[in-house]
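Scope of the values below: all heavy atoms of this structure, side chains included, with no hydrogens, waters or symmetry mates. Lettering follows sequence order; numbering is per chain, from 1.
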There are 2 protein chains.
Amino acid sequence: MCPSRPTRDPATPLREAILQEARTLLEGEGYAALSTRRIASAVGCTATSIYLHFKSKDSLIYALIDEGFEELNRRVVEVSKGDGNALSLLHDVARAYVDFGLERPEYYEIMFMLRAEQMERYPVDAYRRARRSLDVFAELTALPAQEAARRGAIVWSTLHGLVSLLIAQRIDISLDREALIEDSIHSACLGAFAALPSGANSA
Amino acid sequence: MCPSRPTRDPATPLREAILQEARTLLEGEGYAALSTRRIASAVGCTATSIYLHFKSKDSLIYALIDEGFEELNRRVVEVSKGDGNALSLLHDVARAYVDFGLERPEYYEIMFMLRAEQMERYPVDAYRRARRSLDVFAELTALPAQEAARRGAIVWSTLHGLVSLLIAQRIDISLDREALIEDSIHSACLGAFAALPSGANSA
DNA sequence: GTCTTACAGTTTACGCTGTCAACCTGGAAT
DNA sequence: ATTCCAGGTTGACAGCGTAAACTGTAAGAC
C-alpha cells in the first residue's frame with residue numbers, strides 16, 4: 001500500500017495496459033480512433049512509452065490482429081469438428097466465419113480489410129499461421145491439394161465479399177439481411193463442390 | 001505570351017489541374033500518397049487553394065470515385081448489350097467487373113474498399129447513381145425485383161471478395177490466378193441462378 | 001556504503017496530415 | 001475613381017507516428 005504511483009495501476013504492467021486500452025478503443029470507436037496518443041493518455045503514460053513495448057504502432061495492431069485470428073481459428077476449428085457430411089460441415093464453418101465477421105467487425109476490419117502496403121510488414125510466417133482457419137475451407141473439399149486450395153480460396157473470397165460489404169454498410173439495407181447471408185453461404189458452398197471450368201483439366 | 005505566371009499552365013483552370021494531378025498521384029502511388037500538400041506542390045499552388053474548388057479532401061476523392069464509376073459503368077453496360085443467353089451475358093459482365101478492378105486497382109480501392117465512416121459523407125443519391133452498374137447483375141437474373149436484388153447482391157459480393165483480396169495481395173500467389181478468377185466468376189453465376197434456400201419462400 | 005549498469009519512463013522535437021481564418025491582389029462593374 | 005469580388009496566399013492549429021536525448025530508480029558488484 002505504498003502511496004506513490006498516481007494514475008496507473010502498477011499491478012498490470014504497461015504493455016498489457018496498452019494492449020487492453022487498444023482493445024477497448026478498437027471495439028468502442030473503431031480502427032480509425034486508434035492513435036498512440038489516445039491510447040497513452042487513456043492508459044496514463046506518454047505516447048512514446050508505447051515504443052518501449054512495441055516496435056511500432058503497426059506491431060501493436062498486429063498483436064490485436066493475432067488475437068482476432070485466435071478467436072476466429074477457435075470458432076472455426078470447433079465447428080469443423082462437428083458431425084455431418086462435408087457439405088453441411090462446410091456450411092457450418094462458413095456460417096461461423098461470417099458470424100465472426102459480423103459480431104466482431106472491428107477485428108475483422110484490421111484482419112482483412114486494411115490496405116496492403118500497411119499489411120506488408122506483417123511477418124509472413126505469422127500470417128500463414130494466423131490464416132490457418134482459412135485452410136479449413138480447402139480441407140473440407142477433400143480434393144487434391146491444388147484443386148482444394150483453389151476451391152478454398154473461392155469459398156473464402158465469396159464469404160469475405162459478403163462480410164466486408166456488410167461491415168462497410170454498402171449492401172442495400174432494404175434487402176433481407178439474413179436471407180442474403182444464408183443464400184451467400186449456400187452459393188459459396190456450391191462454389192466448393194460444383195463443376196467448374198478449371199476442375200477437369202487442372203490436376 | 002505574357003511573361004508572368006511561372007509554374008502553372010494558365011490555360012487549364014486550377015480545378016482541372018488539381019483533378020489531373022490527383023489522378024496521376026492516385027494511379028502512380030496509390031490512395032495513401034494522395035495528400036493535399038503533395039497535390040498542391042505538384043500543381044504549383046498552395047494546399048489551401050484546393051479548398052477553393054473542393055469542399056474538402058474527401059469531396060476531391062469523390063470526384064475521382066465518380067470518374068471510376070463512370071468507367072466501370074461504361075464497361076459493364078457495353079458488355080451487357082452483347083448477345084447470348086442471360087447466363088453467358090452475366091458471365092461476361094462479371095468478367096468486365098473483375099477486369100476493371102484488376103486493371104484499375106487504385107480506383108477500385110477508393111470506390112469499394114475505403115472505410116465506411118469515410119464514405120458516409122458521400123451523397124446517397126450520387127452513390128445510387130454511381131452504383132448503377134451493379135444493378136446490371138440483378139437485372140440479368142430476370143427475377144422478381146426483391147429476389148433479383150438479393151441474387152444481384154450475391155453476385156456482386158462474390159466478385160468483390162475476389163477482386164479485393166487479389167488487390168490486397170492476400171490470395172496465395174501459388175494459386176493459378178486466371179483459373180481462380182474464371183472459377184470464381186462461374187461460381188458467382190451459379191449463385192445467381194441455382195436453387196438457394198430463400199428462393200422458394202421469399203416472393 | 002558507494003559506484004555502475006540497465007531499465008522504464010518522460011520531454012522535446014521533427015515532419016507530416018487536413019483545414020480554417022485572415023489577408024492580399026488583379027480585374028470587372030458601377 | 002471606387003467598390004466589389006473571385007481566386008489566390010500566408011500563417012496557424014490540432015492531430016498524427018516516431019526518433020533522440022534525458023531522467024529517475026532499482027539491482028548488483030566491490
Whole angstrom is fine here: how far is it from [atom1] in [X] over to [atom2] in [N]?
{"X": "B:Leu60", "N": "C:dT17", "atom1": "CG", "atom2": "P", "answer": "14 Å"}
{"X": "A:Leu52", "N": "C:dA6", "atom1": "CG", "atom2": "P", "answer": "17 Å"}
{"X": "A:Ile18", "N": "C:dG9", "atom1": "CD1", "atom2": "C1'", "answer": "11 Å"}
{"X": "B:Phe54", "N": "C:dT19", "atom1": "CZ", "atom2": "P", "answer": "13 Å"}
{"X": "B:Ile50", "N": "D:dG8", "atom1": "CD1", "atom2": "C1'", "answer": "13 Å"}

Taking [X] first and then [Y], would you say they form a salt bridge - that is, a charged N and a carboxylate O separated by under 4.0 Å?
{"X": "A:Arg75", "Y": "A:Glu71", "value": "yes"}
{"X": "B:Glu21", "Y": "B:Arg38", "value": "no"}
{"X": "A:Arg23", "Y": "A:Glu16", "value": "yes"}
{"X": "B:Arg104", "Y": "B:Glu70", "value": "no"}

Within the 6.0 Å centroid threshold, strictly below: B:Tyr62 and B:Phe54: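 B:Tyr62 vs B:Phe54: aromatic centres not under 6.0 Å.
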Distance below 4.0 Å between A:His53 side-chain N/O and C:dG9 OP1 or OP2: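 Result: yes.
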Axial bend angle, the helix from C:dG1-D:dC30 to C:dT30-D:dA1: five-pair end segments, nearest 10°: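 One end's axis against the other's: 30°.
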Quiz item: A:Thr48 side-chain donor-acceptor pair to C:dT11 base, under 3.5 Å: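 Answer yes: a donor N or O sits under 3.5 Å from an acceptor.
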base_contact_polar (D:dT9 base, B:Ser49 side chain, donor-acceptor, <3.5 Å):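 In this structure, the two groups form no donor-acceptor pair.
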Protein-nucleic acid N or O pairs under 3.5 Å, nucleotides 13-17 of chain D:
residue	atom	partner	partner atom	Å
D:dC16	OP1	A:Ser35	OG	2.6
D:dG17	OP1	A:Thr36	N	3.4
D:dG17	OP1	A:Lys57	NZ	2.9
D:dG17	OP2	A:Thr36	N	2.9
D:dG17	OP2	A:Thr36	OG1	2.5
D:dG17	N7	A:Arg37	NH1	2.4
D:dG17	O6	A:Arg37	NH2	2.8

Sequence neighbours excluded - side-chain hydrogen bond (donor to acceptor under 3.5 Å, both in side chains) pairs with any residue from residues 131-141 of chain B: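 Found B:Asn73-B:Ser133.
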Within-4.5 Å side-chain heavy-atom neighbours: B:Tyr31 and B:Ile61: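 Counting from C-beta outward, B:Tyr31 and B:Ile61 do come under 4.5 Å.
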Residue pair B:Asp83 / B:Leu89, side-chain heavy-atom distance below 4.5 Å: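 In short, these two side chains do not touch, never coming nearer than 4.5 Å.
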B:Phe112 and B:Tyr97 aromatic ring geometry - parallel, tilted or perpendicular at 30°/60° bounds: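 B:Tyr97 and B:Phe112: tilted rings.
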